[in-house]
Structure formats: structure tokens, C-alpha cells
S.K.: 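Would you mind keeping the following structure in view while I ask a few things?
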Number of protein chains: 2
Amino acid sequence: MSRHASKPALGLVLVLAAVAMGTLHPGPVSGAEPARTDGLLNLMPVPASVTPGEGRFRIDENLAIGGQGAPAGRAFKGAARFMVRLAGRTGLFLTQDFLAAQTPPGERGINYRYARPGQVLPTEDESYTLTVEPSGILLDAKTDIGVLRGLETLLQMLSADEKGYYFPGVAITDQPRFAWRGLMIDVGRHFQPVEVIKRNIDGMAAVKMNVLHLHLTEDQGFRIESKVFPKLHQLGSDGMFFTQTQIREIIEYAADRGIRVMPEFDLPGHSTSWFVAYPGFSSAPGSYTIERKFGIFAPTFDPTNEKIYPFFDAFFKEMAGLFPDPYLHIGGDEVEGHQWDANPAIQAFKKKNGLADNEALQAHFNRRLLQILIKHRKRMVGWDEVFQPGLPTDIVIHSWRGQKSLIEAAQKGYQTILSNGYYIDLCQSAESHYLNDPVPADSPLSDFQKTFILGGEATMWTELVTPETIDSRIWPRTAAIAERFWSPASVRHVDDMYRRLGPISVELEELGLLHLKNVDVILRRLAGGPQIKPLKVLAEAVEPLEEYGRHGQTTYTSLSPFTRFVDACAPESLPAWRFGKTVGRFLAVKDAAAASDLRDTMTRWKDNHPRVLAILAGSPVLAEVEPLSLNLARVSGIGLEALGRLVKGEGQPAAWVDQQRKVLAEAAKPAAHAELVVLKAVGRLVEACAGTAR
Amino acid sequence: MSRHASKPALGLVLVLAAVAMGTLHPGPVSGAEPARTDGLLNLMPVPASVTPGEGRFRIDENLAIGGQGAPAGRAFKGAARFMVRLAGRTGLFLTQDFLAAQTPPGERGINYRYARPGQVLPTEDESYTLTVEPSGILLDAKTDIGVLRGLETLLQMLSADEKGYYFPGVAITDQPRFAWRGLMIDVGRHFQPVEVIKRNIDGMAAVKMNVLHLHLTEDQGFRIESKVFPKLHQLGSDGMFFTQTQIREIIEYAADRGIRVMPEFDLPGHSTSWFVAYPGFSSAPGSYTIERKFGIFAPTFDPTNEKIYPFFDAFFKEMAGLFPDPYLHIGGDEVEGHQWDANPAIQAFKKKNGLADNEALQAHFNRRLLQILIKHRKRMVGWDEVFQPGLPTDIVIHSWRGQKSLIEAAQKGYQTILSNGYYIDLCQSAESHYLNDPVPADSPLSDFQKTFILGGEATMWTELVTPETIDSRIWPRTAAIAERFWSPASVRHVDDMYRRLGPISVELEELGLLHLKNVDVILRRLAGGPQIKPLKVLAEAVEPLEEYGRHGQTTYTSLSPFTRFVDACAPESLPAWRFGKTVGRFLAVKDAAAASDLRDTMTRWKDNHPRVLAILAGSPVLAEVEPLSLNLARVSGIGLEALGRLVKGEGQPAAWVDQQRKVLAEAAKPAAHAELVVLKAVGRLVEACAGTAR
């Protein structure tokens, strides 16, 4: 089998050209991503270099995979998983016993090879080349982690034509742009059991992410077994914590997929749950209970209490032994210091030690922690706030508050990770995350300084999510973030990203992720039966309130139900996004297909309201969605009226336009902790009427 | 709060009367179970005694639950889970911190009490009384296991009216008919990881089952860690096994829900996977590999090899320490003895010891095993085949081949469990399982002998299921079996059972069970995108081939994909069942609503075919469903034609009827390992035309 020379990513260029020319239109509004065709067009993240080749590698039952490596090895196991997923998608009864024997299948088949086993470290080589020719497939990598990355690419390339399934001919050369491509999961505020973590590790692997950051301790829960200080998890977790056995299982599971697991112990604030067991370590007297509410709370470790340091020494010794990753995150965020301010002894300590303010006191605490971490051979990672004078440059600054601290830290020689802009809990658009670049084109950093920016992490804070809903808050938007971290900086065509998000979302389901299927589960429970179609139609046009909007509506606690309509709504509605695109296309070129699509969609939305009301009659919990449904019907009526005029080339009187603007503004009010997200697009139809009014 | 005297199950009587009078018709065909109304009508299993009371207990945010028992106790944890599920269904932000404090809430609230902690033993008391009055709820039980059973009943009673959610006033006295109400899961043929087991334990608890029987070893896999003989799981499992830590986790999880865990080690046959590590223990020389195919295989332990007994002694000592249940299942089924017949030494041993046949040799083996089990304080359970002369009556016979052995064994003083008739892997109707009674009305057993029949077990053999599909093979049909085991023998109204199966199925989803939602997952994967409506419509009319029909179509192995259309089809289509009932109602009373429903349904089926074809074009794996879809369209056309005539009171010429009979017979041929299941009902319409032909 010969190898193509590496060339610019022609396939990608073709896709982008097609999108730019409008030939790849967004498809009908209602969930209608195109079915599987040429998988090369669906790759996510886009590889560094894609050179379409000649011909097609046909897949049949005799397809075999093979390479070096023992059956217990990472590549072997990855290849076995690949075969299961391929068989799952194609329904082929593969004859190879891929669990027992993967000898290289010769020319005809999938051959993988690698120079050495990889280590799950941020410095590891994850590159690969993938050559598909009609006669065979060669996947070549420096490490077996590179093999895993290449297998994910190959699986995404699965295509079908009238003859059956195939992989399109191609030569791909690929490597990540950033070494640190993470997903943080907060298991403190709402505990997420092992199966949640595992299926999300699989999701991460599918889009080539490589760091799972577990936020293990919070005011609301201490989520890891300590054998040295068992009261920590026994009293601080309501019985919901990872055993050390489970942590080892997670670490092994992740390592098998080329993913690191970095633990975080948030200190000295966000620590109420520690004080349930050890109230004496806090900065104020009294007893403590596990916090149920969300926010920033006063309980904080007392840095002046010398007893805490031997405690942390023993604790981090234990945790350093449990987590093999060289990095350990100590949190450090949102320390407001109320307990410190109220404690005369702490005030005296500050004065005595020349610590001007609470930031200086926290830096003092961090230096003490750092000594302990160094002793146990861990590199310290901390949120923005740990970036204080007096700390050595071998700590890593994790920026959550903005690019500013990221840049300052890199300029001062600190390695940094970006999470600002990747807060997926805030239910913002995939676009906003996608265009947020750890090293944007206009970065003031020098090329050398840029090397200090290791990458980024999507952060899944869990105030408002449970194991039932968490996947829908992570996926598919995190696939767009993964592409930002992996693909060349030039890959930033938003419409094409959205187009690919559809197929990727369906592919992620095969890993057990619940982001699509649990919508129906929640709606069935609310409706008390299987008739949920009207609720699904309504959900197309609705999104949860963005940012911290939901907290303004009620006081959520960790015991609140997250099973309402808003919890079934996707953070970003792809049908609503497509509706907006279709409105744009209609207004730009007035094509009949777009008009027809808009008419169908808005008619469905308009006619939906009585059907919703019928369900509401038997489900008091759904009463809150009535305004959303009514407004959707009203707004769709307005949109239909505007569309009708525009199709005829007519406008509307100014008074009509004014009137509709008011209705749209009224419909923008949140209800059920959610909002209608099709108002802007309908508004454009209305404004177009104003523009053409005569 | 006063208590009603226990009376006959009036509520149930009312329901049955309504069904009999036809006022509770089956509802429209397409998945249209009625939404939540009066929860008392939906109880499953039906309690022993239900006396509807006055008024409604209103549920609001201040609802509190409380009783005795420490936070770590079974009742406390069960009550906390109850509150989570109740909040989930109602969306109420309950103010009680139900994880931390459950002091008795006084009159107003849910009070539970019990005489003593229960033990998870088949002899344990699971009875409870539940009294709901507008002013408060009292749940009273002998044990905390009884409390759990009562909480499940209460949750099923959740009702709604225009004022909100409530529990209807009632007095329930309840206890199980049988002490042994089991679900067997075969984790040998296809391994089922911990999360599969846990969510199914939750499902079992919801319908008051109390025995999880884990079939741990098979030709295709040895699925449990042995620290004494680690080669067993290391070489015999492809890495897919339960660690001992996981087993303990499962046992604790089950015990928290009042469920026993009984292990099975299938011996001396079905044991290929043992011989991968220990070929010398088999009855034929050579090396062994894990079996991939399904069926009955030759490899069998050699009962004449004295080395196996110390091995089993050490092995069962280890397993007896791991599993606290007093019962241990040694399998014993399907030993054909081919290896024994071919081994001269074994033949000589038989002759020397006067063992007339292989059954006698197996009985010899069983007696040796029994001694070992007795030594380790376990009671032996075995399939039918272990019922041989010479074994003491303190073993339990598990009948899988028929009622005959069950009856014989009981007559001879053996305790017995019935699984014949509860083989849920065979994709038969809920009705067939439901009407299968361990002690039918015409049982030849005396009342005393009947006490030897402990109950039964649904058996989930896993040749054709994976973790992705297993829930749909278990649920909701197993809820009908659970009712057979729990409720009075007189509860056997089939239509009412089917009516209740709908709501129960939706309720089971809140436990994480995948039986409903994974249909869409499989179809989306097959279609390569989210547009699956036509496939769902087709699936309404299709069921997997019953019994062992699928094995006749191809050679399945444990590595085959179980991701095809047939795997998305429910074992029993409830829409098809409702269609049949509606045809019956139409033919009986010719009512217009039934005719209209049938017309809508068959029109949808008829119009579906071109839409299916559009999906097939991009999905080679779906090509196999084309005949099913085409036949459904054809058959629906015939049904519509017949219906049209019948509505007018007209018939059809005999030639037409003959012709349609042929088409229907042709359409009965299986395709894609599945079959159309609406042919019989359409056939009744056709025959009715013949009956009215003039």
C-alpha cells in the first residue's frame, strides 16, 4: 500500500467552499440533519491535514483489524471497541474474533502500528497518519494513543452508497493543536456516579479530548473516599462518593482511552463539606452541615491553624498515591474571607506576618500547600486566584475569569489553561464556545509565550444538573470545544461546525450518552405517559435561561428536582438555530424552498398550543409552560403573516410592525426558567416587512 | 388518624368491572396510554386488599416523610429515594432535607413504622398496611422491607387533578403470595456490567420482586473474580467480569431494596470458560477457548477426576464468603454427556460404581457438590436435571422444562421454583407469562404440597441481548410476571394487565431503565441520523421472531452486532396489541370510534412505506426491513378495504377474501429476523367480510 504525500486539507477546503457558496444549506428545521453520506465531510474535530484520495475501501463481514500489541494493550482494546462500534453501525456479522486475535490482516484490512506505548501525560505524542485506499487501510502513529485518535477519525469516516458501507479514500495527517484538552466535571454539587463518568470519558475519547478534571470537593459534598480520614467522606457526602476502588477503575478506564484524570480539591474556600467532619479546621467556631444551597459560602480553612498542614500532608500523600497524574488542582477560587475578617486571631496573624490583605493570606496558604504537593511530587494547578506574587512558575494557572489573567500568567512564564468561555453549564451557544480561542489571532503573546498556553477545559458545573441531565449539558456542544482544542486555529467556520454537530451528536449516543434520549424520558415523566409530541415541538423553540438566569427565578438546592420542562430543553436548540439560518437564507435570496420550510415550521408551532394544553390538563407540573406555548403560537402567527407578505413582495404598515414588535418583546419574558429563542428570527421577518413597507 | 378495617379489594373490583363493561377501552392504537389520572387504578402488582377511602391527600412543597430508623437504615434510604422520585414526577421543591432528617412529621405527612429491621431471606415478612386519608398517611409494616414495598405502592398511587397532585384516600393491606419472586440475569453469554444490574434491581424493587439470580458462568464467559483461582476470570472472561468489590456493591445495593442475590455456577456442563484456565478438569483432553457460538456444547467437568472436588471446595468456600444468601445455584442443566461417553476411564468408573447412565453420573457429581455446599452452609438449588434419586429433600428444584417436574418435586417434598413459562428471552407475550401460574387453580397438589412451591423466576438468557437492549427484553413484561408472583391468584384479567403495563413502563424509566428510550437510539444509529419516525411506525407492527426463531435465521455469536432493526423492536408491541383489541371491539359493536381509529392506524401504516424506502437508501443495514415495510403497506391496504365495506355493512366476494388470505399468508414470512404481528387482526377484518359476503 502506497502512501499519499501530506497536502493541505483539501477535503475541508471543499466543505468550507460548499458552505460559503450556500450549496450546503442547513436543511429543514426540524431535526433534519442529512443521513449518513460521505463521512469525510463529518469529521469532528477536523484533522490537521486531509487529502481526499481515489476510490473506496469496501467494508464486509471479512473486514479484519490487526497490529502489534498484546491483547491487554491499549491499542488492542481500542481496536476491539472500534470493531464493536463498526459492527453496531453496519449490522455486519464480522468473522474476525476481535477479542482474541488481531494479527495484522495483510494488505486487505485495517493495519495499525505504533512506535511505542504512550503515556497519559500532557507531553505525549498523539499524532497519527491514516491512509485509506481501496485495497487497505494503514494507521500509523508514534504511540498507541495516536492509534486511538486515528481509529476515532476512521470511524467518523464511515460512509454508505448503494453498494454498502465503505471508508472513502483519503490520506490524513493529524496532531493536536493543544496538549491539554479537558473536560471538568463537578461531582461536588451534584454527585455523578461511575457510569456517568465512564460514558463521558468515552464521549471525550470520541472527540479526542485527553484530560478529565474531577472537581471532587465542594460545599455541597466531599466525593472521594479517604482511608486516612474516613470521616471526610462518611460525614461529608450523604453517602454519595467515589470509593478508591472506583477511582482506580475510572483512572484505568480513562488511561485505556488515552485520557488523564486530574483531581481537584477546592481549597481553602468551597469547603463546607470538609468541616462537617473537622469543624476545627475552619476559620469560625461551630458545627457544620453539608451545604444544600448554591453560591459562595463563608466556611474557609484557617491558614493560621498549624494543625491543618500535617492534615493536608497526610491527605495529599494519600491522594497522590491514588492519582497517578502529575498535576493536582487545589482550586483556590472565590475566597471572600468573611470568616477570616471576623476572626481576631487571623487578623493578628496577618498583621504579624505582613500579609496586607486576604489575597496575601491565601497566597501564604497556597505556598504551604505547594510545599506539601512538591513533597508528594505533584505539580500544583489552581484557578485564577492562585496567581499571586511569591509563587514559583512551575504551578499552572487555570483561567476562569477571563483571557486577561491567562495572558498575564503566560507573560510571566506560567503555564496556563483556559476555561473562561467554556462554561458549558451556562447554556450558551456552541458558537460562542467555538469561537473562543485560547490563543486568538490577535493574541498579544509572543510565539514563545504562546507555548505556555497548554490548552483549555470545558467546565461542567453541576448546580442545575443531575446524572439524568448532565450529558445533555455536555453534549454535543463540547464536541465543538474539542475541535477548538484539537484542530488548526483556521478551522472556525460556524455553520459548518453546526452542520457536523448533528451527525456527531447521534454518533455519541452509541457510547451510552443520554443527551438525546433523556429528553423523551423527562417529558414522558412530566406528561405521565408516552404522548409527548407537542412538548417536543415546544422544546424546539425553547432554551433554558442562559448564564445564571435560572438562579434568579427560584432558590435551587442540591435536593431540588431537575426534572421540569426546562431540564428537558437542550442548552442550545439546533432546530431553532436552523430556523434562524433559514430565515436568513429566505431574506437573502427569497427562495421558495426556504419559504415553504418556514411556513411548515411556524404552522406546526402555531397549531401546537391546543395540543400542549391537552397535556397540561393532566400534569400540574407542566402548568408553567403555558405562557411559552401560547407565545410560540402567537409569535408563529406573526411570522406567518410576515412571511406571507414577503413572499408576495409586499410589506406591512408601520403600525402593524410596531404592534408586532411589542408582542415579540412581551414574548421574550422568561417562563418556566426558560425562554423562547426564535423571537429574533421572527423579528427579522417582521423588520423585513417594515423595510419593504409601502 | 383512624384506620379502615381491611375489606375485599373493592378498587380492583371496580376496575375489573369497568373493563368488563367495556368502559375502559384500550385507547387509540399508537402508544396512547391515558395520561396520569387516578393512580389507584394503575397499581402493579395489585395489592391483596384495596379499600378506596374518602378524600385526597394533597401533596405540596411542605410534604414530609418520617419514621424510626437511622439515616443509614434501609427504610430511611428508601424514604429518601421515594422523595427524590416524588419530587421528580411532581417538580415540587420539597422543603424537607430528606437526606439528613426524617423525624416523624406528625399527623400531616407520610409516617412509616416497622417492628424490626428485615433480613433479605425468603422467609422474611414483607407485608404492610397503607392508609391514606386527607389528613395524613400511615405506612405500617412488620419489617423495613415491608416499608419499602408500601412506598412503591404509594408512589404508584400518585394522582393529579385540577388542583394539583394528590394520593387518593385508601386503605391497603398487602402481602406477597409467593416468597420467591425472582429475575435471573445471564451475565455469562453477554456480560452485563454493574450499572445494568443496578438499574434492573431498581426495576425489580418497583414491582416488588425480591430475588436477583445471577447466572455467573457459561460456555461464553466466566464472569466473577476469583482471588483463589484468578486464572478463571483472567482467562475465561475477555476481561468482562465482576470484581468481588463490585459483587459486594451489587449485594449491598440489592439488600437496601429488600432483594436477595443468589449466584449460579452452572455445573458440570455449560462450563467451557472454566476449562480455558483448567483444561485438565474437563472430560476430554486438549486446550479450550472461550465459546463464541450458542447452544449446548460438549465440554463438561469430569466427575471421576478427584482433583476437581478440592478445587470446588476451595472455590465454593470463597464464593460462600462473598455471597451472604443461604442459597447457591449449581445449574446442572443440559448435560448431554458426549465427553463422558467418549472417555473410556469415565465409562469404566460408571461401571465400577454401578452408575447406570449419565444421569446417574451427574447425580453422583451433584452429591459430591452437595457435601461441599453443606460444608460451606449453602442450600443447593439446581435446574430440573438435578432432580434425581439419591439427593436429600433440602435442595431446591428450579423447574425450567415444565410444570411436571415442579409438581413431582413438590409431591416428593422438595422446595421448588418455577421458570418454565417465564422465559422472557423468547419474546413471547406478557399475557402468556401472566397466565402461567406456579400453582394454577387446577393444580393436583394438596394444600400442604403447595407450600413447597416457593415462587418463580423470570429468566433473562442473553444469547441475543446486550447491555443496550437487555432492559427492553426484561421490561415492561416482567412487571406482569411480578404481579403473578405477588398478587392473589384471582388477579388475572389480561386486558387490565395490559392497560396498566403502559403507565408502569413509563414509571420504570425514572429508574434509569432503557427499555423505551433505546429504541430511538438503535434506530438513529441505523438511519445515521435523527429522522426515524417511519422506522418507529414500522416497529409498531413488528416483533422479533418468537422462541428460538432468530437462531434459525443465522448463526449468532457473542460478538455479533445486536443493533439491527429487530433489536429495536419490542418483544411484544403494545400498539399491535391495542390494534388487535380495537379490531375486536369494532367487530363486536361496530362503533364509529373504533372504525376511525383503525382507519387512521392502517392509513399511517400504508403511507409509511415510501418514507421507509427513503431512509433505506442511505442505510444498507436497513435493506432487510424492506419486505416488512412493503407487506405492512399491502396488508394495511387490505385492512382498509375490508374496513370500508364492513362500515357500510357490506361484505366482499369470496374470491376477494381468498385472494387476501393468500397475501396475508405470504406476508407472514419472517424478514430481518422479525415478523409482522398485525396479520391476525387484519385477517379478522377480512374474514368478517367473508362472513357478511352476499
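Every chain is numbered from 1, with letters handed out A, B, ... down the list of sequences.
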S.K.: Which atoms of F98(B) come close to chain A, meaning under 4.5 Å heavy atom to heavy atom: side chain ones, backbone ones, both, or neither?
M.R.: both
S.K.: Just how far is it from atom CG of D97(A) to atom OG1 of T289(B), taken to the nearest 0.5 Å?
M.R.: 8.0 Å
S.K.: Between Y165(B) and V621(A), which heavy-atom pair has the shortest distance, and what is it?
M.R.: OH-CG1, 3.0 Å
S.K.: Taking all atoms of both residues into account, what is the closest heavy-atom pair of N518(A) and K517(B), and its distance?
M.R.: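 So the minimum-distance heavy-atom pair works out to OD1-NZ, 2.6 Å.
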S.K.: If you count heavy-atom pairs under 4.5 Å between each of Y556(A), F562(A), F565(A) and chain B, which one has the most?
M.R.: Y556(A)
S.K.: Name the option with the most non-hydrogen atom pairs under 4.5 Å to chain A; the candidates are R292(B), E510(B), M83(B).
M.R.: R292(B)
S.K.: Can you tell me how far apart CZ (R199(B)) and CD (E195(A)) are? Round to the nearest 0.5 Å.
M.R.: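 Interatomic distance, R199(B) CZ to E195(A) CD, rounded to 0.5 Å: 9.0 Å.
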S.K.: How close do R525(B) and V506(A) get, counting heavy atoms only, and between which atoms?
M.R.: N-CG1, 4.4 Å
S.K.: CD/Q246(B) to CD/Q246(A) distance, rounded to the nearest 0.5 angstrom?
M.R.: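 Reported value, rounded in 0.5 Å steps: 8.5 Å.
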S.K.: To the nearest 0.5 Å, what is the distance between CZ on R248(B) and OG1 on T243(A)?
M.R.: 12.0 Å
S.K.: From I522(B) CD1 over to E509(A) CD, what is the distance, rounded to the nearest 0.5 angstrom?
M.R.: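 I522(B) CD1 to E509(A) CD: 10.5 Å, rounded to 0.5 Å.
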S.K.: Checking heavy atoms, do the side chain of E624(B), its backbone, both or neither come under 4.5 Å from chain A?
M.R.: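 When you check distances to chain A, no heavy atom of E624(B) falls under 4.5 Å.
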S.K.: By a 4.5 Å heavy-atom criterion (distance strictly below it), what part of S505(B) contacts chain A: side chain, backbone, both, or neither?
M.R.: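 Contact with chain A is absent: no heavy atom of S505(B) under 4.5 Å.
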S.K.: Given a strict heavy-atom distance threshold of 4.5 Å, which part of D567(B) is in contact with chain A: side chain, backbone, both, or neither?
M.R.: neither
S.K.: To the nearest 0.5 Å, how far apart are CG in L514(B) and CG in L514(A)?
M.R.: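 Output value for this atom pair is 8.0 Å.
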S.K.: Do L559(A) and L94(B) have side chains that get closer than 4.5 Å, going by heavy atoms?
M.R.: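 No, side chains not in contact.
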S.K.: Where does T554(A) contact chain B at under 4.5 Å (heavy atoms): side chain, backbone, both or neither?
M.R.: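 Contact with chain B involves the side chain of T554(A) alone.
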S.K.: If you take all heavy atoms of G88(B) and T563(A), which pair is closest and at what distance?
M.R.: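 For G88(B) versus T563(A), the nearest heavy atoms are O-OG1, 2.7 Å.
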S.K.: Can you give me the closest heavy-atom contact between P561(A) and A87(B), atom names plus distance?
M.R.: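 Minimum heavy-atom separation between P561(A) and A87(B): CB-O, 3.4 Å.
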S.K.: Could you walk me through whether E249(A) and T245(B) pass the side-chain contact (heavy atoms from CB on, under 4.5 Å) check?
M.R.: CA-CA 11 Å; E249(A) 194 181 330; T245(B) 303; over 6 Å; no
S.K.: Side chain, backbone, both or neither: which part of E162(B) has an atom under 4.5 Å from a heavy atom of chain A?
M.R.: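 Neither the backbone nor the side chain of E162(B) comes within 4.5 Å of chain A.
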S.K.: Please flag which part of L92(B) lies under 4.5 Å from any non-hydrogen atom of chain A: side chain, backbone, both or neither.
M.R.: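 Backbone of L92(B) only, per the 4.5 Å heavy-atom cut-off to chain A.
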S.K.: For a quick test of reading the model, state the closest non-hydrogen atom pair linking P620(A) to A160(B) and the distance between them.
M.R.: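 It is CD-CB, 3.6 Å.
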